[in-house]
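Working notes for the structure below.
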Amino acid sequence: MIDIQNMKLAECEALSRWIDPRYGFLSPDKFIPALEGNREVYKVDCHVLEGYGQDAEFLREKEKEIFPISFNISRTDLEACNIYQKIEDTVARYGLSRDQVHIEITESALNDSRQAIVEAVQHFHDLGYQVWMDDFGSGYFP
């Protein structure tokens with residue numbers, strides 16, 4: 001995200017992409033549903049946050065600016081593991097602040113239990129995180 005007042009980078013979004021040696025570029029709509037269906041997408045989401053932590057650690061050592069990041073979690077992350085604890089552990093391990101990590105809940109999460117999503121958003125807020133809704137490039141929001 002660019003701050004339009006000063007035209008400088010203000011934040012980044014971590015996007016999962018898969019480049020397969022045989023099939024080439026696979027967009028998320030090709031592999032995320034399969035991972036969600038097998039309740040394994042949390043592994044990708046946690047890996048993304050772990051990568052950000054490693055990058056932030058590297059930048060801190062080089063005395064470079066660390067920009068906040070937003071990354072996705074899905075409804076199945078909430079069901080498959082204690083995603084709150086996994087995020088908290090990663091944030092603590094890399095000395096990140098909660099305002100550096102913004103959580104985007106994928107729109108597919110709304111297709112099931114709205115109450116569970118409301119509770120998850122509240123839990124993340126209680127922990128000190130910003131939570132956004134990700135439209136997954138579908139144009140869900142006008």
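What you see below is based on every heavy atom in this structure, not just the backbone, and it leaves out hydrogens, waters and symmetry mates. All values reported here derive from a predicted model rather than from experimental measurement.
In the model, Glu13 has no side-chain atom that pairs as donor or acceptor with a side-chain atom of Ser70 under 3.5 Å. Side-chain polar atoms of Glu50 and Tyr94 form a donor-acceptor pair below 3.5 angstrom.
Checking side-chain atoms of Asp77 against main-chain N and O of Tyr42 turns up a donor-acceptor pair under 3.5 Å. Panel note: side chain Asn38, backbone Glu40; no donor-acceptor pair is recorded below 3.5 Å. A donor-acceptor pair is defined here as one N or O able to donate and one able to accept, closer than 3.5 Å; such a pair exists between the side chain of Gln100 and the backbone of Ser97.
Using a 4.5 Å cut-off on side-chain heavy atoms (C-beta onward), Arg60 and Phe58 make no contact. With a 4.5 Å cut-off on side-chain heavy atoms, Leu26 and Ile19 do not count as touching. Annotation: side chain of Val118 is not in contact with side chain of Gln122 (no heavy-atom distance under 4.5 Å). A 4.5 Å side-chain heavy-atom check between Val101 and Phe71 finds at least one atom pair inside the cut-off.
In this structure, CD1 on Ile87 lies 8.5 Å from CG on Leu127, to the nearest 0.5 angstrom. In this structure, the separation between CG on Asn72 and CD1 on Ile103 is 11.0 Å, given to the nearest 0.5 Å. Atom CD1 of Ile73 is separated from atom CG of Leu78 by 5.0 Å, given to the nearest 0.5 angstrom. With values rounded to the nearest 0.5 angstrom, Lys30 atom NZ is found 13.5 Å from Asp20 atom CG. Taken from OG in Ser74 to CD in Glu79, the straight-line distance is 8.0 Å, to the nearest 0.5 Å. Taken to the nearest 0.5 Å, the CG atom of Leu49 stands 11.5 Å off from the NZ atom of Lys86.
Here the shortest heavy-atom pairing between Pro33 and Pro28 reads CD-O, 3.5 Å. Residues Ala56 and Leu96 approach most closely at CB-CD2, 3.6 Å, considering heavy atoms. Summarising the geometry of Asp99 relative to His102, their closest heavy-atom pair is O-NE2, 3.1 Å, with the distance given to 0.1 Å.
Ring geometry for Phe124 against Tyr129 counts as perpendicular: the plane angle is over 60°, on a 0 to 90° scale with 30° as the lower cut. Ring geometry, Phe31 versus Trp18: the interplanar angle exceeds 60°, so the pair is classed perpendicular (tilted spans 30 to 60°).
Taking a 6.0 Å sphere around NE2 of His125, one finds it holds more than 12 heavy atoms contributed by other residues, nucleotides or ligands. Surrounding CD of Gln5 are at most 12 heavy atoms belonging to other residues, nucleotides or ligands under 6.0 Å away. More than 12 non-hydrogen atoms from other residues, nucleotides or ligands lie less than 6.0 angstrom from CD1 of Ile2.
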Item to check | Full working for side chain to side chain contact (heavy atoms under 4.5 Å, CB included) between Ile105 and Trp132 | outcome: CA-CA 6 Å; Ile105 298 179; Trp132 303 343; over 6 Å; no

Next on the checklist: Checking Ser16 against Val48 for the side chain to side chain contact (heavy atoms under 4.5 Å, CB included) test, could you report, in this order, the C-alpha distance in whole Å, the side-chain angles of both residues, the deciding distance, and whether it holds?
Outcome noted: CA-CA 8 Å; Ser16 297; Val48 167; 3.5 Å; yes

Checklist entry - When you look at Thr76 and Glu36, which way does the side chain to side chain donor-acceptor pair (under 3.5 Å) test go after all the steps? => result CA-CA 6 Å; Thr76 60; Glu36 284 181 333; 4.8 Å; no

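Criterion: ILVMFWY side-chain heavy atoms under 4.5 Å apart, direct or through other members. Under it, Leu59 and Tyr52 are part of a common hydrophobic cluster. Both Tyr23 and Ile32 are part of a single hydrophobic cluster, where members link through side-chain heavy atoms under 4.5 Å apart.
Under the 4.0 Å criterion applied to side-chain N and carboxylate O atoms, Arg98 and Glu88 are assigned as salt-bridge partners.
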